[in-house]
Amino acid sequence: MHTIEEIVSRMSSQGLRVTDQRKTLAKLFAETPGYLSPKDVYEFMGKTYSGLSFDTVYRNLRVMEELGVLEQVVFEEGAKFKLHCREEHHHHHMICLQCGITYPIKFCPMEQTTVPEQFRVVKHKFEVFGYCKECFQDEASAEQQ
């Protein structure tokens with residue numbers, strides 16, 4: 001789900017009212033390759049929609065996540081969102097802390113996890129954080145100078 005049209009269509013097909021603000025959100029995420037914090041989104045949206053509240057932005061991010069349009073990842077500095085990747089099967093990610101590029105993990109660690117009989121899993125997430133080759137080399141070069 002990468003194009004603005006696909007995102008708007010998904011919202012519409014799920015009964016969500018497609019407002020100009022939501023179209024702008026769709027455009028922002030369709031054109032942004034990495035992760036955005038709610039604050040980033042709020043500041044971007046505030047340039048076009050004066051009087052827009054942070055709560056409205058956050059509520060729309062949550063709605064779009066529930067629809068499967070956005071993915072949320074919790075970084076050390078807080079939650080960030082990005083467009084849901086095109087991978088159709090269940091998977092997890094390795095995420096570069098510098099540039100935000102993601103690499104899919106092709107297996108699910110839950111398959112190797114023994115769940116106690118008295119516990120019922122209803123949802124899980126698994127992310128690995130580090131640096132991609134390019135960002136790691138850039139940081140190593142900067143340290144040598």
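If you're wondering where the values come from, they're calculated on a predicted model, not measured in any experiment.
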Taking the side chain as C-beta and beyond, is there a heavy-atom pair between Y103 and C132 under 4.5 Å?
yes
Under 4.5 Å between side-chain heavy atoms, hopping through other hydrophobics if needed: is there a path connecting F54 to L61?
yes
So do the side chains of Q21 and T56 get within less than 4.5 Å of each other, counting heavy atoms only?
yes
Taking F126 as the starting point, is it possible to reach V73 by hopping between hydrophobic residues whose side chains are less than 4.5 Å apart?
no
Side chains of L36 and F44: does their closest heavy-atom pair fall under 4.5 Å?
no
Taking all non-hydrogen atoms of both residues into account, name the closest pair between G68 and R10 and its distance.
CA-NH2, 4.3 Å
Can you tell me if K133 has over 12 outside heavy atoms packed within less than 6.0 Å of its NZ?
no
Salt-bridge present (E43, K39; N to O < 4.0 Å):
yes
Are the side chains of I7 and M64 in contact, using a 4.5 Å heavy-atom criterion?
yes
Given side chains that start at C-beta, do those of C96 and E134 come closer than 4.5 Å, heavy atoms only?
no
Between R22 and R17 the two heavy atoms that sit nearest each other are NH1-O, 2.7 Å
Rounded distance (nearest 0.5 Å) linking atom CD of E77 with atom OG of S37:
8.5 Å
Nearest-0.5 Å distance, CD of residue Q72 to NZ of residue K80
12.0 Å
Hydrophobic cluster membership, with links at side-chain heavy-atom distances under 4.5 Å among I/L/V/M/F/W/Y: are V18 and F29 in one?
yes
When rounded to the nearest 0.5 angstrom, what distance separates CG in D20 from OG1 in T48?
10.5 Å
Take V115 and M110 through the test side chain to side chain contact (heavy atoms under 4.5 Å, CB included) and record every step on the way to the result.
CA-CA 9 Å; V115 178; M110 284 302 296; 4.1 Å; yes
Can a donor-acceptor pair be found between the side chains of T24 and Y49 at a distance below 3.5 Å?
yes
To the nearest 0.5 Å, tell me how far H84 NE2 sits from E6 CD.
13.0 Å
Decide yes or no for K82 and T102: does some side-chain heavy atom of the first lie under 4.5 Å from some side-chain heavy atom of the second?
yes
What one should report as the nearest heavy-atom pair of M11 and A26 is CE-CB, 4.3 Å
Parallel, tilted or perpendicular: rings of H93 and H91 (30°, 60°):
perpendicular
Checking side-chain hydrogen bond (donor to acceptor under 3.5 Å, both in side chains) against H92, which of H124, E127, K125 comes through?
H124
State yes or no: do I101 and I95 share one hydrophobic cluster built from I, L, V, M, F, W and Y residues joined by side-chain heavy-atom distances below 4.5 Å, directly or via other members?
no
Taking the side chain as everything from C-beta on, heavy atoms only, tell me whether Q14 gets closer than 4.5 Å to E66.
no
Parallel, tilted or perpendicular: which describes the rings of F81 and Y58, with under 30° parallel and over 60° perpendicular?
perpendicular
From CG (D55) to OH (Y42), nearest 0.5 Å
9.5 Å
Do the side chains of L83 and V69 get nearer than 4.5 Å, heavy atoms only?
yes
Between OG1 of T19 and CG of N60, what distance do you get to the nearest 0.5 Å?
6.5 Å
Verify same cluster id: F136, L97 (apolar side-chain graph, 4.5 Å):
yes
Worked verdict on V8 versus K23 for side chain to side chain contact (heavy atoms under 4.5 Å, CB included):
CA-CA 7 Å; V8 168; K23 286 180 187 175; 4.2 Å; yes
